[in-house]
Protein chains: 2
Amino acid sequence: MAVTIKDIAREAGVSRGTVDRVLHNRSGVKPEVSQRVRSIASEMGFSPNRAGKVLAARKQPIRFGCLLPSIGNPFFDDLMMGFHLAEKELADFGVSVDILQVKSFDKDIHLKAIAKMKANNYQGLCITSIDVPEVKEAIDAIIASGVPVVTVNTDITATGRMCYVGPDYYHGGRTAAGLLSMITQQELSLLVVTGSFNIKGHNERIKGFTEGLEEHGIPFEVVCTLESLDDDNHAFVMTERCLEKNPMINTIFIAAGGVKGVCNAVTDKPRQKPIRIMSFDDVPATKALVKQGVISFTLCQEPRQQGYVSIQKLFSYLMSEGKTPLEDTITKTIIKIPENIED
Amino acid sequence: MAVTIKDIAREAGVSRGTVDRVLHNRSGVKPEVSQRVRSIASEMGFSPNRAGKVLAARKQPIRFGCLLPSIGNPFFDDLMMGFHLAEKELADFGVSVDILQVKSFDKDIHLKAIAKMKANNYQGLCITSIDVPEVKEAIDAIIASGVPVVTVNTDITATGRMCYVGPDYYHGGRTAAGLLSMITQQELSLLVVTGSFNIKGHNERIKGFTEGLEEHGIPFEVVCTLESLDDDNHAFVMTERCLEKNPMINTIFIAAGGVKGVCNAVTDKPRQKPIRIMSFDDVPATKALVKQGVISFTLCQEPRQQGYVSIQKLFSYLMSEGKTPLEDTITKTIIKIPENIED
DNA sequence: ATGAAAGCGCTAACAA
DNA sequence: TTGTTAGCGCTTTCAT
């Protein structure tokens, strides 16, 4: 049987109330008593019981807030499913999860959203945002007020965030190169499509990819690199123009959104030789294209897991009063081909 | 705020004790009262609170038993990690997990083990065993006594098991074929290595593989099929002999254990042309061989997830008193190549 | 057949 | 500064 505050109280010769005060660093305990209780607690290996805590705290339910740049981006649907799954599992423990969705990566929009979340006094935050100084400051201000923050999907470095839950973008790019090197050894004339030159994750994928190709000794030339802005129409136009100008292109590496637009530009016209396409993630449009064989493979990052794990981490953190390992969770790079795209 | 037994009691004009009796089908309640309470409960959408349940039940902790044919088989290490992770997460709720390990797939050993588990009066069981009538009977007897059983990793069909948690073996085989078809179009002279002709999962992998090849129009011939008995030494000898007799073999499909033995037989002698090897799972030996490039790719099945999920399912089941969706969980087919083998 | 009460581990409000 | 008490949702025991 695990040790309880009652055990500690008995052992220390004080009341349970005093133990509770000590364990929560509340004022009003004589330093020597506090010291003794503390040492006894750690000596006995005390760890608070979640069920007890939850039950006692039922009048002040736990609320978590999540910020996602998900409007118009179906990628985040799976991630939100993860949020909701965790919320459902923790419902009995008084946990509820609010999701604040914004559109795009505009700095002011994000700052406003973060201010809004702060005003809501959540007990914990999951944030997918942009890695710029103003956002960092805003987040650190929240953390300073004692609210734990988890960065999801995209890290915001050098803040006091509790941990990061998401993929290793560079690793994703390298895996693409590794798989491609198994499929073909021919010289690659590459079109690289990124989402935005300003988004670190996209750049890292590209870097991982090209460095991986070099390591495998695959000869390649990046004929052209363009921004899709995660927009299919824009991607379509840019890709079409690029392919027309550069008929030698035989391979397309899509590091972000706009997948459907790129693929449409490829399939719209008959090609002498097929163009091999790689992509990331598996939004419905991408799934369909993989199944049709238009895309050779797509590399996924367990978005559902990302949502689920971040909420669970926040909860664990609160339950253990910060005495929790704050390790990052790096999600796997999942290779999907037609056969396992529906897994 | 969720509805509690207190609410129901008030609404029905009875005491909480009576509500509890009704909800647990215990005797000693007038049928009409029972009926009323029951309908009010479902009307109000009552769902018992886990924290409350757990706390009240603390004197009779929850014990789960797990049977695994894991002795001498490192594959199950990850699965056991999943068991332990779930146990750790549920420790506050009084859950403990016992693992009974046996060696091999011998029927009598399994029957004896199952009898042992039954004698231990666990509140729930996770079982990886063999799909034969005697085992089925033994399991159904346990289920009849009211203990929920989850089949893990290998299903035991046509029993009253609550659900199956594990891979789709056929699907794994097909995925291997799909990936292989991307890598090569040359005619395959195949050596197929299975673990045992008597294990359904292995046979299904092979079937999925060959049917997948046909669908992709890859010409192939199965030159030889042999049993490794999941033993490296045995696999080594058999493979060596087979390769000597059949020098045209250019591809090896390993559907089960003995991976290291097969690979050693391949690498021991210099070959005119390289032999392509595919395998399943990622035990340490396999991981190393993938990284060395001896194995082209290996297909994994989330063993850790299997262990974790099965325990969580049992717990959910007990907590909700059987009013839980009893859906199977089919784990993903995860493609691993050198780049992502350590994920 | 049913109600009342105690207690699981913890927190918070109130007393002292 | 510290102890006492009530109560979170549920189960169990005892009393009626």
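In what follows, chains carry the letters A, B, and so on, assigned in the order in which the sequence lines appear, proteins first and then strands, with residues in each chain numbered from 1.
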Taking only the side-chain heavy atoms of R26(A) (C-beta and beyond), determine which of dT2(C), dG3(D), dA12(C) contains the nearest atom. dA12(C)
Could you tell me whether G13(B) contacts a base, only the sugar-phosphate backbone, or nothing, with contacts defined as non-hydrogen atoms closer than 4.0 Å? sugar-phosphate
So, R50(A) versus S316(A): side-chain donor-acceptor pair below 3.5 Å or not? yes
Closest of dT4(D), dC10(D), dC8(C) to the K6(A) side chain is dC8(C)
Would you find more than 12 non-hydrogen atoms of other residues, nucleotides or ligands less than 6.0 Å from R304(B) atom CZ? no
Under 3.5 Å, is there a donor-acceptor pair between the S42(B) and R38(B) side chains? no
When rounded to whole Å, the CZ to C1' distance for the pair R50(A) and dT11(C) reads 18 Å
End-to-end bend of the helix from dA1(C)-dT16(D) to dA16(C)-dT1(D) (five-pair axes, 10° rounding)? 60°
Does Q35(A) form a side chain to side chain contact (heavy atoms under 4.5 Å, CB included) with V22(A)? I'd like the steps, not just the answer. CA-CA 8 Å; Q35(A) 199 41 253; V22(A) 171; over 6 Å; no
I'd like to know whether V149(A) forms a side chain to side chain contact (heavy atoms under 4.5 Å, CB included) with T159(A), so could you lay out the CA-CA distance, the side-chain angles of the two residues, the decisive distance to 0.1 Å, and finally the verdict. CA-CA 10 Å; V149(A) 173; T159(A) 56; over 6 Å; no
Ignoring hydrogens and geometry beyond distance, is a side-chain donor-acceptor pair present between S70(B) and Q101(B) at under 3.5 Å? yes
Please determine, for the side chain of R16(B), which listed nucleotide (dT2(D), dC10(D), dA12(C)) has the closest atom? dC10(D)
Rounded to the Å, how far apart are I62(A) CD1 and dT11(C) P? 11 Å
Nearest-Å distance for atom pair CG/C1', residues L318(A) and dT11(C): 15 Å
Base, sugar-phosphate alone, or nothing: which one does E32(B) contact when heavy atoms must sit under 4.0 Å apart? nothing
Is the distance from OP1 or OP2 of dT12(D) to the nearest side-chain N or O of Q60(B) less than 4.0 Å? yes
Distance in angstrom units between D20(A) CG and dT4(D) P, rounded: 15 Å
Contact list please: residues 33-48 of chain B against DNA chain C, heavy atoms, distance less than 4.0 Å, in numerical order. V33(B)
Side-chain contact check for I5(A): nearest option of dG9(D), dC10(C), dT11(D) is dC10(C)
Result for 5'-nearest mapping on DNA chain C, choosing between A57(B) and R21(B), is R21(B)
I'd like to know if the side chain of D78(B) pairs up with that of Q306(B) as donor and acceptor (distance under 3.5 Å, no hydrogens or angles considered). no
Rounded to whole Å, CZ of F93(A) lies from P of dG9(D) at a distance of 14 Å
Whole-Å distance separating the CG atom of L23(A) from the P atom of dA12(C): 13 Å
Within this structure, what is the CG-to-C1' distance between L55(B) and dC8(D), rounded to whole angstrom? 9 Å
Aromatic ring proximity F93(B)/F93(A), centre distance under 6.0 Å: yes
What nucleotide, of dT11(C), dA6(C), dG3(D), holds the atom closest to the side chain of T18(A)? dG3(D)
Counting any heavy atom closer than 4.0 Å, what does V54(A) reach on the DNA or RNA strands: base, sugar-phosphate only, or nothing? nothing
Side chain of N49(B), heavy atoms from C-beta onward: which of dT1(D), dC10(D), dC10(C) has the nearest atom to it? dC10(D)
Determine whether the side chains of T157(B) and D131(B) contain a donor N or O and an acceptor N or O closer than 3.5 Å. yes
Please report, rounded to the nearest Å, how far the P atom of dG3(C) is from the NZ atom of K30(B). 10 Å
If you apply the rule salt bridge (charged side-chain N to carboxylate O under 4.0 Å, His left out), what do you find for R161(A) with D140(A), and how did you get there? CA-CA 8 Å; R161(A) 94 276 190 284; D140(A) 272 335; over 6 Å; no
